[in-house]
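One structure below.
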Amino acid sequence: MSDARTPDAYEPASFEAAWRERWEKDGLYDADIDPRREPYYALTMLPYPSGDLHIGHWYAIVPADARARYLRMRGYNVLFPMGFDAFGLPAENAAIKRGIHPKEWTYANIRHMRGQIKTMGPMFDWRREIISCDPEYYRWTQWFFAQLLRNDLAYRKSSPVDWCPSCNTTLAREQVIGDDRRCERCDTPVIKRELDQWFFRTTSYAEELLDFSGLDWPERVQTLQSRWIGRSEGAHVTFRTEAGDDLEVFTTRPDTLWGVTFMVLAPEHPLVETLTTDERRAEVEAYVEEATRQTDVQRESADRDKTGVFTGGYAINPVNGERVPVWIADYVLVTYGSGAIMGVPAHDQRDFEFARRFGLDVRVVIHPAGEAPPAGAELTEALVAKGVMCASGPLTGVASDQAMDQVLDHIEREGFGRRAVTYRLRDWLISRQRYWGAPIPVVYCPKCGPVPVPDDQLPVELPEDVDWRPTGESPLKLHPTWKHTTCPECGEPAERETDTMDTFMCSSWYHLRYLSPHYDQGPFDPREYEHWMPVGTYTGGIEHATMHLIYTRFFHKACRDMGITRGDEPMLQLRNQGIILGEDSEKMSKSRGNVVAPDELVERYGSDTVRAYLMFFARWEQGAPWNSQGIEGTARWLRRVWNLFTGEVGAPAKADGSAEAALLRHLRRKVHQALASVSHDYEHFEFNTVVSTLMELLNEMYAAREGGAAGTEAWDEALRLYLAMMAPTAPHLAEELWQRLGEAYSIHHRPWPEVDEAAAAEEEITLVIQVNGKVRDKIQAPVDIDRQRAEELALASEAVHKHLEGRPPRKVIYVPGRLINVVG
RNA sequence: GCGAAAGUGGCGGAAUUGGUAUACGCGCUAGACUUAGGAUCUAGUCCCGGAAACGGGUUGGGGGUUCGAGUCCCCCCUUUCGCACCA
């Protein structure tokens, strides 16, 4: 907003902050319900307030902002909100380390980061900001929990959980990382511990979560989620132990039932106790103890030899009445299926290895068609291929792929099994033995059991006067008074749940709270919901493919079934930005010293240049290593834009009439072609070509000015369209130059320009002349040239004659408006 | 091991449907202006031959389909990511 009369250098610092303040003061980006405009909900993943914004935040936010700005200019009523995912461990770690209260630490970080985010110049409607650790927010996180509990979608269960001995907390399956199963946060090997925990029934939605129809989500994410959910079709088959207990297994290969030569239970399986004979007991107990004491690192390390012990017990194979020994081994997981398997060593590689290790029988029941069945003792690996059934009672001789249905019919008819589908997905464990989270709103009454806190008593607020030392117990448990309360049902003394919720719970519904962050009659205002939902575009990192994005889909579906939300999916389109690596092509990290600090870049180049460079320097969905020299290119671009708009224009070199007309037609063609291209590219997340197209157009405009275009109508149009096209990328500069052109504030209210198709159309084409597929000549030709004329031109070409070397053309291919290929 | 994605100049990348490969930018080279410049401007910059005109080659490697392949198909190599005893 500097004085327009004095020509000056491009100094973004002189106007960027001023424009941002004005936009905010004027509520330029306020997003309110507006029945006249089509709503569009553009959502970008909210950050954790770690304390300092890094370049990755910019990379996530700026292109998403540019696209939201584009859609807004296109006439959509765009909701583009921002907030903070503010509960979580780092706040407590900071408290432990530096003695700052987590709340104080968190809010100080938010204040700092909010200011940093604002320097990007994004069009966030800050009135809609949410902070998930605010009681006004987590009141409703708790409300959702209570809803889930009342609808039997939450339950409490004692189970072995992953436990990080360093963080002193349970971890979700997803927070256990890598080959050797380490804690996501501190890299400590994870161990098992038995605790009462709250779970959500995500598995009830496993089947529906596999359905992505109607969603414009990357294949990659769909694949990751599908594999994570891990659907397997097969059967539950019930064996009977000699002690008379039912022993159920899940198998995907019921066609191999006649090949069972042993059974294996997970060491934690409840029947281990009763199956174990007295003479085997000492050995079995030692093995179980070893297995539970071991960390998963040791237990699940790759390529480990199979271990296990015989329980001394036997079970009866229901298909043939055979007596098979029951073993326990840690390669069978208690958490999958029924925690027990039937051992078919001839046709399952894991069972094969186990049988070989312990000298168990290997019995072939499927053999390759046309060959004699091999002897089990001679196999070197399991036979997993299809074939012909043998030694399988009534099914002997049947092709194995046909046998499957017959076996299933058989076991269902006989009543010892049934068709079944099993999923790898587990129910979502949400309990955390931590302080800095939303308290689970449950009261334990000696008489009434676990009772959800009534809605009118929410939120259950976190007490602020706690000790957050890493004792291994929840700090809430140690608080002298907090947990003591009365039962909401009977009024008798009772105790509060002292665990808090997984922060993924907070982020599963934040997109709903943006709709009406201060609404107090429910988690969101239904009017706002009707207007904005579902989310049109959701953008963020691929790292959330299997956690957050499954949870939020589950959450939405559960809420739909509870009558809270509508529709099957919360987010219609998903896009993931890539990662910016350090200049050394390594992951950015403080220890490597390759971290790019956005604040310094803004100070040096201005916000628009940083924005433009982030959009330009790589394909957004891919990312690339940072290049500190590369940013000079976009800095130069904006400087050249500035100079074109503000620089002295010499007296136009008056061309003669027809040459000038041609020059201006050319200029308009380039402008409108660029407009078509830029429009497409904003829409489709191809931000790098938005910038390159604008760079090219700028070069054209400099040339046109050189040719004397300045001062003409076409020139004035070019200037205005250029700023409109640039506005989503460089909002400050576009606004500043718009004002200097004398146009009315604000360019960000200007409708997106329409492409003038006639102006964009080419008058002439370069007809490419090929001989046998190789380019030999190029001829300027009218755009509507017909085949006959094009052929004449091509055959008249000297280059064509030369390369035909006297051969007659056998065939001529004509691609209208593009090329002609003479085959000879 | 299984699954997915990607390989185009020194670098990031462009090429909307099978139709001019290497746009745009960085870097580099030469020059202009300059006390200087990490400022600005001009010209050049895939490789080989050639003074040039021009010719030949080139999208990880090999094969195929086609008048024509960076783009489609098959095999191989490399890289990245995800999963990793899930019965």
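Letters go in sequence order (proteins before strands), and every chain restarts at 1.
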Query raised in the report: Using a cut-off of less than 4.0 Å, is there contact between a side-chain N or O of H803(A) and OP1 or OP2 of rG55(B)?
Result: yes
Requested in this report: Verify whether one side chain among T634(A) and Y605(A) offers a donor that lies under 3.5 Å from an acceptor in the other.
Outcome: no
Report task. Can you tell me, in whole Å, how much space there is between the C1' of rA15(B) and that of rC46(B)? Result -> 16 Å
Query raised in the report: For the pair made of CD1 in I579(A) and C1' in rC81(B), what is the distance, rounded to whole Å?
Result: 9 Å
Query raised in the report: Under 4.0 Å between a side-chain N or O of Q622(A) and OP1 or OP2 of rG13(B)?
Result: yes
Query - S679(A): partners by side-chain hydrogen bond (donor to acceptor under 3.5 Å, both in side chains), with sequence neighbours left out - result: W752(A)
Query raised in the report: When the distance from OH of Y702(A) to P of rC41(B) is rounded to whole Å, what number comes out?
Result: 7 Å
Report task. Indicate, with a heavy-atom threshold strictly under 4.0 Å, whether R220(A) touches base, sugar-phosphate, or nothing. Result -> sugar-phosphate
Requested in this report: State which residues pass side-chain hydrogen bond (donor to acceptor under 3.5 Å, both in side chains) with Y10(A); sequence neighbours excluded, sorted by chain then number.
Outcome: none
Report task. For rU42(B) versus rG61(B), give the span between their P atoms, rounded off to a whole number of Å. Result -> 37 Å
Query - Base-contact (B) and sugar-phosphate-only (S) positions in nucleotides 23-35 of chain B, heavy-atom cut-off under 4.0 Å, - elsewhere - result: BBSSS--------
Report task. Would you indicate which nucleotide in rU40(B), rA84(B), rA87(B) comes nearest to any side-chain atom of R639(A)? Result -> rU40(B)
Requested in this report: Toss me the dot-bracket line for RNA chain B: Watson-Crick and G-U wobble, both under 3.5 Å, 5' to 3', using | for pairs to another strand and [ ] for crossers.
Outcome: (((((((..(((......[....)))((((((.......))))))((((....))))..(((((..]....))))))))))))....
Query raised in the report: Of the nucleotides rA21(B), rA87(B), rG19(B), which one has an atom closest to the side chain of V775(A)?
Result: rA21(B)
Query raised in the report: Is E696(A) paired with K670(A) through a side-chain N to carboxylate O contact shorter than 4.0 Å?
Result: no
Query raised in the report: Which part of the nucleic acid does G623(A) contact within heavy-atom distance under 4.0 Å: base, sugar-phosphate only, or nothing?
Result: sugar-phosphate
Query raised in the report: Under the 6.0 Å and 45° cation-pi test, does R611(A) pair with W58(A)?
Result: no
Query raised in the report: Reading nucleotides 64-72 of chain B from the 5' end, what letters show protein touch, with B for base, S for backbone sugar-phosphate only, - for no heavy atom under 4.0 Å?
Result: ---B-----
**Report entry** Inter-nucleotide P distance (rC85(B), rU71(B)), Å rounded
**Finding:** 38 Å
Report task. Report the residues that fulfil side-chain contact (heavy atoms from CB on, under 4.5 Å) with Q622(A), sequence neighbours left out, ordered by chain and then residue number. Result -> R619(A)
Requested in this report: Please name all residues satisfying side-chain hydrogen bond (donor to acceptor under 3.5 Å, both in side chains) with R553(A), sequence neighbours left out, ordered by chain then number.
Outcome: Q225(A), E569(A)
Query raised in the report: Could you state the CD1-P distance from I341(A) to rA87(B), rounded to the nearest angstrom?
Result: 11 Å
**Report entry** Any residue meeting salt bridge (charged side-chain N to carboxylate O under 4.0 Å, His left out) with R419(A), in chain and number order, not counting sequence neighbours
**Finding:** D405(A), D409(A), E412(A)
**Report entry** For E353(A), all residues meeting salt bridge (charged side-chain N to carboxylate O under 4.0 Å, His left out), sequence neighbours excluded
**Finding:** K306(A)
Report task. Could you pull out all residues at least two apart from H803(A) that satisfy side-chain contact (heavy atoms from CB on, under 4.5 Å)? Result -> V771(A), R776(A)
**Report entry** R418(A) and E248(A) ion-paired at < 4.0 Å
**Finding:** yes
Requested in this report: Compare side-chain N and O positions of K774(A) against OP1 and OP2 of rG57(B) and report whether any pair is under 4.0 Å apart.
Outcome: yes
Query raised in the report: Which residues pass the side-chain hydrogen bond (donor to acceptor under 3.5 Å, both in side chains) test with Y59(A), sequence neighbours left out?
Result: none
Report task. Could you list the residues that satisfy salt bridge (charged side-chain N to carboxylate O under 4.0 Å, His left out) with D351(A), not counting sequence neighbours? Result -> none
Query raised in the report: What interatomic distance, in whole Å, is found between C1' of rU8(B) and the corresponding atom of rA21(B)?
Result: 8 Å
Query - Side chain of K306(A) (C-beta onward), nearest among rC85(B), rG3(B), rU20(B) - result: rC85(B)
Query raised in the report: Do the side-chain N or O atoms of R776(A) get closer than 4.0 angstrom to the phosphate oxygens (OP1, OP2) of rC54(B)?
Result: no
Query raised in the report: Looking across every strand, which nucleic acid part, if any, lies under 4.0 Å from S232(A) by heavy atom: base, sugar-phosphate, or nothing?
Result: sugar-phosphate
**Report entry** Nearest listed nucleotide, side chain of K802(A), among rG19(B), rG55(B), rA87(B)
**Finding:** rG55(B)
Report task. Find the distance Y336(A):OH to rA84(B):P and express it as a whole number of Å. Result -> 13 Å
